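Data first, discussion second: the structure below is written as structure tokens.
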Amino acid sequence: MSNPAGKTPQAIRGTQDIFGADAEAFAFVVETFERVRKLYRFRRVEMPVFERTEVFARSIGETTDIVSKEMYSFEDRGGESLTLRPEFTAGIARAFITDGWQQHAPLKVATHGPLFRYERPQKGRYRQFHQLDAEIIGAGEPQADVELLAMADQLLKELGIADGVTLHLNTLGDGNSREAWRAALVEHFRAVKGELSDDSQERLEKNPLRILDSKDPRDKAFVADAPKIDDYLSGEAQDFFDSVTAGLDAAGVAWERDPALVRGLDYYRHTAFEFVTDRLGAQGTVLGGGRYDGLMESLGGAPTPAVGWAAGIERLAMLVGERGEAFADVAVVVESDEMLASAIAALGKLRAAGLSAELHASGSPRKRFDKAVRAGAGAILAFDARDGIGSHRIKADDPARERIEALIS
RNA sequence: GCGAUCGUAGCUCAGUUGGUUAGAGCGCCGGUUUGUGGUACCGGAGGUCGGGGGUUCGAGACCCCUCGAUCGCCCCA
């Protein structure tokens, strides 16, 4: 090994070094998101990668293992507990309160970047992963939900992956509807507790709504005849949901009702949704979100309605598929080393004119031209010298050759 | 956190029930050939067989541990 001091350190489990065609697919997702976000007039925000642990602990609550087991938390040198962000929403909500963003309400913001969760890695699931995020804060009307979903729908269409993806939609109702439904579910499942799977018996105590999407066959029969949210919706909540679905229909967004679609956290109200594909195995949710009217209060802010979604960039990139790296407009070949300066000068002129250009000047001189040919450039500009007399040739179609000739002379 | 499969060159992989000095294709480097060109041929570099321990006269292969990837489960903000 070339490092006598020891072995090369390995990448951290669950991180990725993204390169080549994968990196191009990743960039395509981000660029498409940026374009669509502007069409819907979402304002760009950049958020800290870490926050006080409290920001996430208070917004997520103590009901699940998330806070205790699945966050990257550490003490800084001042003894303060900090956490690498596991999601965007809590930090944005914190900023809304602490930075006076209330004055901009209703506020539409979008961002993207890395997030960190201490989970078992799988394909499409990493410890450092990346999401797109869009939020509308301070808007309690169903039109906000519609706007957000229309944006998500257009994003998937512009990424070219809408065909394999369906929008699953549900409502959790307002606070009272949700609580009544939850109580009915607990009662229903408690009556048959002994026949449920071990996991679901535990969920009954910790997170009963989650029994609804259990994959265990023992649970399926009891899930099928479980109480439905529709029977517990208040008139107001039903109207809200009707407005959302009517809006989606008007916007031309296809959706499917999925009464088993839930959110684990208490602050969710009304609309919950996921765009799902069957092409990514168990990691089928590609974009998900909902209305979180209860969140601001848990962070000590004034009650503020809000709705948002996030989407995994890696999963979107996998659906987008391989994207080739662009070929150079011009490959500049130095067939005789004494022509290197001429080639460098030409490169500068080509690039200044907006043409992408790459230099081929290393390795065996007689193989450089072949390498340039194989690199697939749109045009090849070759510098050679015979008997001390320099010359260049351009291999390209006529308009390109004339343009390059004009640029470099 | 639980279960399963896998890990051999830069990449994709072969390697017979354990048996000399671990192979191929592609890629890379060099040479020859061709010479408005993506050709062909020759040669070369590159591997502590993921890491550690064990069994054995002998381990890439068998056993244990460990790291990592993959597929499920759990969780999914």
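Remember, it's a predicted structure, so these values are computed and weren't measured experimentally. Letters A, B, ... mirror the listed sequences (proteins, then strands); counts begin at 1.
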Taking only the [atom1] atom of each, what is the distance from [N] to [M] in whole angstrom?
N	M	atom1	result
B:G27	B:U39	P	9 Å
B:A14	B:C73	C1'	35 Å
B:G68	B:G23	C1'	26 Å
B:G10	B:G51	P	13 Å
B:C29	B:G46	C1'	11 Å
B:U5	B:A9	P	23 Å
B:U17	B:G52	C1'	28 Å
B:A22	B:U48	C1'	13 Å

From [atom1] of [X] over to [atom2] of [N], roughly how many Å is that when rounded to an integer?
X	N	atom1	atom2	answer
A:E70	B:C73	CD	C1'	14 Å
A:I380	B:G38	CD1	C1'	9 Å
A:K123	B:A69	NZ	P	12 Å
A:D278	B:G72	CG	C1'	17 Å
A:F129	B:C76	CZ	P	14 Å
A:L84	B:A77	CG	P	20 Å
A:F19	B:G10	CZ	C1'	11 Å
A:F273	B:A77	CZ	P	12 Å

Kindly state which residues belonging to [range] come within less than 4.0 angstrom of RNA chain B, counting heavy atoms of the residue only, listed by number.
range	answer
residues 210-219 of chain A	A:R210, A:K215
residues 280-293 of chain A	A:G281, A:A282
residues 394-409 of chain A	A:K395

Using a 4.0 Å heavy-atom cut-off, does A:G20 contact any base of the nucleic acid, only the sugar-phosphate backbone, or nothing at all?
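Result for A:G20 = nothing.
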Just to be sure I understand the rule, does A:R368 reach a base, reach only the sugar-phosphate, or reach nothing, if contact means heavy atoms closer than 4.0 Å?
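It contacts nothing in the nucleic acid.
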Side-chain donor-acceptor contacts of residues 14-31 of chain A below 3.5 Å, not counting sequence neighbours, with atom names and distances?
{"unit_1": "A:T15", "atom_1": "OG1", "unit_2": "A:I12", "atom_2": "O", "d": "2.6"}
{"unit_1": "A:Q16", "atom_1": "NE2", "unit_2": "A:E314", "atom_2": "OE2", "d": "2.7"}

Using 4.0 Å as the upper bound for N to carboxylate O, is an ion pair formed by [Y] and [X]?
X	Y	result
A:K206	A:E202	yes
A:D213	A:R203	no
A:K228	A:D230	no

Verify whether one side chain among A:D384 and A:S336 offers a donor that lies under 3.5 Å from an acceptor in the other.
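Distance-only check passes for A:D384 and A:S336.
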Output all residues satisfying salt bridge (Lys or Arg N to Asp or Glu O under 4.0 Å) with [X], sequence neighbours left out; order by chain, then residue number.
X	answer
A:D153	A:K157
A:R403	none
A:E34	A:R37, A:R44
A:R120	none

Can you figure out which of [options] approaches the side chain of [X] most closely?
X	options	value
A:Q122	B:C2, B:C71, B:C76	B:C71
A:D199	B:C74, B:A77, B:A69	B:C74
A:R120	B:G37, B:C2, B:A77	B:C2
A:V373	B:C74, B:U36, B:G38	B:G38

As a quick check of understanding, evaluate salt bridge (charged side-chain N to carboxylate O under 4.0 Å, His left out) for A:D199 and A:K215, giving each step before the final call.
CA-CA 10 Å; A:D199 284 332; A:K215 289 160 188 157; over 6 Å; no
Please state whether the phosphate of B:C76, meaning OP1 or OP2, lies under 4.0 angstrom from any side-chain nitrogen or oxygen of A:N207.
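Checking B:C76 against A:N207, a side-chain N or O does come within under 4.0 Å of OP1 or OP2.
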Between B:U36 and A:R393, is there an OP1 or OP2 to side-chain N/O distance shorter than 4.0 Å?
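Checking A:R393 against B:U36: no side-chain N or O falls below 4.0 Å of OP1 or OP2.
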At what distance, to the nearest 0.5 angstrom, does OG of A:S81 lie from CD of A:E51?
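Those atoms lie 12.5 Å apart.
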Taking atom CZ of A:R127 and atom CZ of A:R117, what is their separation to the nearest 0.5 Å?
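So the CZ of A:R127 and the CZ of A:R117 are separated by 13.5 Å.
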For the student: nearest non-hydrogen atoms of A:P142 and A:V244, plus distance:
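Smallest interatomic distance, heavy atoms only, reads CB-CG2, 3.7 Å.
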Side-chain touch A:I137/A:W101, heavy atoms, less than 4.5 angstrom:
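They are not in side-chain contact.
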Can you find a pair of side-chain heavy atoms, one from A:L167 and one from A:L156, that are under 4.5 Å apart?
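A:L167 vs A:L156: side chains apart.
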Does the B:C75 base have a donor-acceptor partner in the side chain of A:R125 within less than 3.5 Å?
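Answer yes: a donor N or O sits under 3.5 Å from an acceptor.
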Can you find a donor-acceptor N/O pair under 3.5 angstrom joining the side chain of A:R117 to the base of B:A77?
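Donor-acceptor pair under 3.5 Å: yes.
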Got a list of side-chain donor-acceptor pairs under 3.5 Å for residues 277-290 of chain A, not counting sequence neighbours?
{"unit_1": "A:T277", "atom_1": "OG1", "unit_2": "A:G164", "atom_2": "O", "d": "3.3"}
{"unit_1": "A:T277", "atom_1": "OG1", "unit_2": "A:R279", "atom_2": "N", "d": "3.0"}
{"unit_1": "A:T285", "atom_1": "OG1", "unit_2": "A:E274", "atom_2": "OE1", "d": "3.1"}

Once base and sugar-phosphate atoms are separated, protein heavy atoms under 4.0 Å mark nucleotides 26-31 of chain B, 5' to 3', with B, S and - as --SSBB
Of A:R127 and A:Y268, the one whose closest RNA chain B nucleotide lies more 5':
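First, find each residue's nearest nucleotide; the 5'-ward one identifies A:R127.
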If you assign A:F116 and A:R13 each to the RNA chain B nucleotide with the nearest heavy atom, which residue ends up on the more 5' nucleotide?
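Whichever sits nearer the 5' end wins; that is A:R13.
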Kindly confirm or rule out a cation-pi arrangement of A:R178 over A:Y232, judged by NZ or CZ under 6.0 Å from the six-membered ring centre and within 45° of its axis?
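No, cation not above the ring by the 6.0 Å, 45° rule.
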For RNA chain B, what are the stems built from at least three Watson-Crick or G-U pairs in a row, each pair having both distances below 3.5 Å?
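Detected stem regions: B:1-7 with B:67-73, B:10-13 with B:23-26, B:28-32 with B:40-44, B:50-54 with B:62-66.
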For A:E135 and A:Y292, run side chain to side chain donor-acceptor pair (under 3.5 Å): C-alpha distance rounded to whole Å, both residues' side-chain angles, the deciding distance at 0.1 Å, then the answer.
CA-CA 10 Å; A:E135 315 275 354; A:Y292 52 94; 2.5 Å; yes
Summary of ring-ring contact (aromatic ring centres under 6.0 Å, His included) pairs that have at least one residue in residues 364-409 of chain A, sequence neighbours excluded:
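Sorted pair list: A:F383-A:H392.
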